[in-house]
Amino acid sequence: MLRLYNTLTRTKETFVPMDPSRVRMYVCGMTVYDYCHIGHARVMVVFDVVQRWLRASGYQLTYVRNITDIDDKIIKRAVENGESMSALTERFIGFMDEDAAALGVQKPDFEPRATGYIDDMHAMIAKLEAHGLAYKAKDGDVNFSVRRFPGYGKLSGKSLDDLRAGERVQVDDAKQDPLDFVLWKCAKHGEPFWPSPWGNGRPGWHIECSAMGTKLLGERFDIHGGGMDLQFPHHENEIAQSEGAMSEGAMSEGAVGAAPGGEKRFVNYWMHNGFVRVDEEKMSKSLGNFFTIRDVLKRYDPEVVRLFVIRAHYRSPLNYSDHHLDDARSSLARLYTALKGVPLEVGAPDWNEAHAKRFREVMDDDFNTPEAVAVLFDLANEFNRSKDEALGRQLRALAGVLGLLGRDSMAFLQAVPAEVGGDAGAGETYTPEAIQSLIKSRAAAKKGRDFKEADRIRDELAKAGIVLEDSPAGTTWRRA
RNA sequence: GGCGCGGUAGCAAAGCGGUUAUGCAGAGGCCUGCAAAGCCUUUUAGGGCGGUUCGACUCCGCCCCGCGCCUCCA
């Protein structure tokens, strides 16, 4: 029985999908005008784990992660680069896909792009207008009227009065209320635009997600995810739009998915992942303290980055540093070392086995991946001790549920960081063949009890970061 | 100012009202020609002050500190 923390109620709740066997989930994805950074890596990995666990739990899942391919920053960047918007977004979508694949993130079922859903946005804005929740301001923008939507603030726990009291809300004459937000921006000079019933223009950011989610998953769905920072205003506004536009039929009393009292409810469970920080500060574009995924992958194996994310709870802050990545690497090496000789294809976990039961329990407890990883280490320890092959297979199978330990042990332990190995292999002084040959020489020296020579060879390789390990079965090597 | 989250050993990070978290690092031992890996043992905890309790890291209150949102942001 899965329980998950719902931002809407600020408690852990038992997960009950609207449809007993089917789950529908939407996650806010990236705005594609630049490379993804480690913060983006976290969202992708976190919800990839959620997605995998829901499927492993037997649910038939429809998972949508959108792509924002039209907004101010994209327009600005395209102009700066002197290229078309689509050339820019197409390129960075490609990079994002590469990054995601490297991190073991499976493709969502749908990756809608905002520009493909303009008609659906129009339809939703029209409904909002018909319901008296949208108005065209004198500057030509179509705005959402927050004061006419009673539930505004229910997700973020903010009241309109509190928000208005804040000093930072811009005063804007065109808006009936300073907190009203734009649904449709009327076209500015030289900017891309689409025709609409309200004139030429482009969509506001919030309506994009409401339209795409509703179009692909229906007027209501089970889970909506994203980063903590999206809670307000983005998700709050999505609720206002989607619930405001909802048809009468969808509000029927007692319907599954409706809140107590027959209140219509767009999404039942809101999940928000914590931030990646650098020196205790949020990693973000605006602070400029971000590391792109591809830069990090030059020095660290992608699976190390994945473990780094997974070994923290998804709602906790996660501090990024080389030291922490080194630490994650050592941990992963321990697991892969234990897995030497265990076949790659091990099938599904044996869910009746003790570790698997514990694994299931902690994953069902709001995706407690740190505890699930601890189960993996316990399993590795018992496997090392007992050499019971079933435990080794179980270790690989359970890790596989998290998208971990899917490779051959030696492939991981001997892998060269991209920056060193790279395309040209620059900086790499010993080829695997050369290492094998040295191992052979050393074996001969050992046989002749020439330990001095044997140790000399071992030290030589050690200086190059190559560690030799003797065992009854022979000598193997790995990178330090 | 408003709303919210958190402070656990050298580092990272969980559960739990009383019983070993886990990983990395450190110490001792076993194994080894010596190592490495592995195994065994082991040192470092719970911001501060009160309260509840037979008993609190775990519940409650206050204080201190850090972080996030309130504006684009995963």
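Note that the structure is a prediction, hence the values are computed from the model and not measured. Lettering follows sequence order; numbering is per chain, from 1.
A ring-centre distance under 6.0 Å is not found for A:H235 and A:H206.
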Next on the checklist: Return a single string for nucleotides 21-32 of chain B, one symbol per nucleotide in 5' to 3' order, where B is base contact, S is sugar-phosphate-only contact and - is none, cutoff 4.0 angstrom on heavy atoms.
Outcome noted: BSBB--------
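For the C1' atom pair drawn from B:G29 and B:G48, the interatomic distance equals 41 Å after rounding to whole Å. With both ends at atom P, the span from B:U22 to B:G15 equals 15 Å, rounded to whole Å. Remark: the separation of the P atoms in B:G2 and B:G18 is 36 Å, to the nearest Å.
Heavy-atom contacts from other residues, nucleotides or ligands closer than 6.0 Å to CZ of A:F193 number 12 or fewer.
Contacts of A:Y152 classified as ring pair (Phe, Tyr, Trp, His ring centres under 6.0 Å), with partners at least two apart in sequence or in another chain: none. A:R311 meets the side-chain hydrogen bond (donor to acceptor under 3.5 Å, both in side chains) test with A:D327; sequence neighbours excluded.
Regarding A:H234, its NE2 atom lies at a distance of 11 Å from the P atom of B:C72, rounded to whole Å. If you measure from atom CG of A:D450 to atom C1' of B:C34, you get 13 Å, rounded to the nearest angstrom. For the pair A:F232 CZ and B:A74 C1', the computed distance is 18 Å after rounding to whole Å.
Ring pair A:F290/A:H37 is tilted by interplanar angle, where 30° to 60° counts as tilted.
With distances taken from any side-chain atom of A:K73 to the nucleotides B:G33, B:C72, B:A36, the minimum falls on B:C72.
A donor N or O paired with an acceptor N or O is found under 3.5 Å between the base of B:G33 and the side-chain atoms of A:D455.
Counting only N and O atoms by type, the side chains of A:E280 and A:N319 include a donor and acceptor under 3.5 Å apart.
Mapping A:N319 and A:Y33 onto RNA chain B by nearest heavy atom places A:N319 at the nucleotide closer to the 5' end.
Between A:I70 and the choices A:V32, A:T31, A:I75, A:T89, the side chain to side chain contact (heavy atoms under 4.5 Å, CB included) rule is met once, by A:I75.
Applying the 4.0 Å criterion to OP1 and OP2 of B:A14, one finds that A:N368 has every side-chain N and O outside that range. For the OP1/OP2 pair of B:A74 and a distance below 4.0 Å, the side-chain nitrogens and oxygens of A:T68 include no atom meeting the criterion.
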Which pairs, protein N/O on one side and nucleotides 66-68 of chain B N/O on the other, fall under 3.5 Å?
residue, atom, partner, partner atom, Å
B:C67, O2', A:R277, NH2, 3.3
B:G68, OP1, A:K282, N, 3.4

Checklist entry - When Watson-Crick pairs (N1 to N3 and N6-O4 or O6-N4) and G-U wobble pairs (N1-O2 and O6-N3) count only below 3.5 Å on both distances, what is the dot-bracket string of RNA chain B, with | for other-strand pairs? => result (((((((..(((.....[...))).(((((.......)))))....(((((..]....))))))))))))....
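Remark: nothing in residues 386-413 of chain A comes within less than 4.0 Å of RNA chain B through any heavy atom.
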